[in-house]
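Convention: sequence-line order gives letters A, B, ...; per-chain numbering from 1.
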Number of protein chains: 2
Amino acid sequence: MDKNLKRMATMQRMQVTGLELFYKNGYYNTSVDDILKELSLSKGAFYYHFDSKEDFFTQIIENLLVRKVYSMLIEPIEGHDNPLELITNCFENALETAVHNELDFGFALNNFITEFNGRNEKIMKHLNDILKVWEVNLVSTIQKGKFNNHIDRHVDAEGVALFLMSSYLGVRTLMAESCPSARKYRFMSQLRQYFKALEIKQSTF
Amino acid sequence: MDKNLKRMATMQRMQVTGLELFYKNGYYNTSVDDILKELSLSKGAFYYHFDSKEDFFTQIIENLLVRKVYSMLIEPIEGHDNPLELITNCFENALETAVHNELDFGFALNNFITEFNGRNEKIMKHLNDILKVWEVNLVSTIQKGKFNNHIDRHVDAEGVALFLMSSYLGVRTLMAESCPSARKYRFMSQLRQYFKALEIKQSTF
DNA sequence: ACTTGAACCGACTGGCCAGTCGGTTTTGTT
DNA sequence: AACAAAACCGACTGGCCAGTCGGTTCAAGT
């Protein structure tokens with residue numbers, strides 16, 4: 001582990017730069033050489049550390065994407081406060097990074113899913129796993145909210161989770177397209193609107 | 001116009017097949033030869049009718065995508081009935097085609113936007129125009145609903161339109177990934193839930 | 001100083017693909 | 001039939017790119 005320090009450092013550098021470029025230009029539009037040029041490294045170094053471009057990407061998912069999605073979209077909603085508030089704040093923060101054009105891992109996830117959907121089963125499996133974790137955590141957070149009387153007990157937790165994930169992924173696509181700031185603001189307003197429908201009264205189905 | 005009949009027919013065939021393959025495999029992952037093979041046509045035929053792959057795709061957008069999005073997502077919400085009902089039915093139908101794995105033009109739009117975002121300004125312009133038309137029509141439908149007392153007059157029409165577009169694009173991504181039928185059902189339930197919050201009371205902002 | 005293996009270099013291969021171009025066939029016109 | 005234009009053919013070019021491989025450099029141990 002100590003001897004592997006240099007190895008780890010190089011691999012890490014490659015992965016970070018790789019994710020950046022894959023995020024910006026897409027997987028298929030980013031050549032291994034593009035990444036290597038950025039780092040002043042050579043093909044030899046790359047294939048010394050990774051088996052293939054696909055293997056490289058898989059490791060990026062496991063080492064970077066999973067963790068970041070976790071820390072940005074999952075951890076912030078764990079807690080005993082009102083889940084609707086937690087989720088609101090979480091989305092607010094996540095979308096704020098989007099406004100500043102920073103690397104948004106939720107969006108990266110969305111892009112990669114779109115890019116690999118129906119084209120690369122192996123990679124899709126990894127991406128789906130992340131979605132699954134997100135979904136499961138949303139559902140359990142909402143269930144908890146029902147127990148604690150923050151959320152009406154008739155609401156369908158799975159449905160809400162799906163709706164939240166959908167609208168988040170969708171708005172990120174639209175924010176990338178134009179007026180991110182205004183759209184973030186409008187989106188958050190509507191989210192609050194939607195949450196009101198989940199709060200107290202009897203309804204759902 | 002009469003003399004051009006064969007020309008038109010061939011171009012049409014190419015475009016229809018092109019859209020299918022671009023939809024299935026993505027633009028960059030579909031070679032011109034792939035499309036030609038499908039049609040038993042040659043490179044010569046292709047470049048006789050189109051200037052470039054990009055020109056070809058642009059014409060597909062203008063001739064097929066625009067019209068289909070219009071007929072599937074815009075026309076159905078024009079009318080004097082309750083806009084919330086119109087939109088509900090429209091989404092219901094649109095998502096139903098998705099369940100059957102048919103070519104869904106709303107989804108195609110979503111995929112192409114993701115694929116070209118930040119990578120091809122020229123094509124993005126065309127795609128954005130479609131989104132804009134969709135948005136404008138949603139907004140005016142909602143405004144009309146406010147006038148006709150179907151929708152609370154405090155609601156932010158632009159916000160609702162954005163939220164609807166977002167959630168639609170997002171759920172399509174998630175439906176493609178797994179359990180489309182169940183997700184469609186859940187999504188529609190939540191959409192109705194959200195619409196309830198827009199119906200009568202004072203709120204918004 | 002010498003050895004050894006990890007880390008890295010970069011020229012090269014083979015395949016794919018957008019676009020070209022000289023040629024052939026098909027179609028319509030006279 | 002004769003001709004011209006439209007439609008189509010397919011071999012070829014040049015560039016890109018994933019992956020290979022024989023070689024060099026560097027660092028640690030002895």
Asker: Closer than 4.0 Å, any side-chain N/O of B/Thr10 to the OP1 or OP2 of D/dA7?
Answerer: no
Asker: Generate the contact string for nucleotides 10-25 of chain D. Rules: B means base contact, S means sugar-phosphate contact only, - means no protein heavy atom under 4.0 Å.
Answerer: BB-----SBBB-----
Asker: Please report, rounded to the nearest Å, how far the C1' atom of C/dA7 is from the CZ atom of A/Phe50.
Answerer: 13 Å
Asker: Quick check against the 3.5 Å criterion: does A/Thr30 have a side-chain atom that pairs as donor or acceptor with the backbone of A/Leu21?
Answerer: yes
Asker: Could you check how far CG of A/Leu36 sits from P of C/dA7, rounded to whole Å?
Answerer: 16 Å
Asker: Would you please confirm or rule out a distance under 4.0 Å between OP1 or OP2 of D/dA7 and any side-chain N or O of B/Arg7?
Answerer: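 Checking D/dA7 against B/Arg7, a side-chain N or O does come within under 4.0 Å of OP1 or OP2.
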Asker: Donor-acceptor pairs under 3.5 angstrom involving side-chain atoms of residues 129-138 of chain B: please list them, not counting sequence neighbours.
Answerer:
unit_1	atom_1	unit_2	atom_2	d
B/Asp129	OD2	B/Lys125	NZ	3.3
B/Glu135	OE1	A/Arg183	NH2	3.4
B/Asn137	ND2	B/Val133	O	2.8

Asker: Can you tell me if A/Asp34 uses its side chain to pair, donor with acceptor, with the backbone of A/Ser31 under 3.5 Å?
Answerer: yes
Asker: OP1, OP2 of D/dC8 versus side-chain N and O of B/Tyr48: anything below 4.0 Å?
Answerer: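 B/Tyr48 to D/dC8 OP1/OP2: no side-chain N or O under 4.0 Å.
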Asker: So, using salt bridge (Lys or Arg N to Asp or Glu O under 4.0 Å) as the criterion, who are the partners of A/Glu38 when residues are at least two apart?
Answerer: none
Asker: May I ask you to decide if B/Tyr27's main-chain N or O and B/Glu115's side chain share a donor-acceptor pair within less than 3.5 Å?
Answerer: yes
Asker: Does the side chain of A/His49 get closer than 4.0 angstrom to OP1 or OP2 of C/dC8 through an N or O atom?
Answerer: yes
Asker: Hey, does A/Asp104 have a side-chain heavy atom less than 4.5 Å from the side chain of A/Tyr23?
Answerer: yes
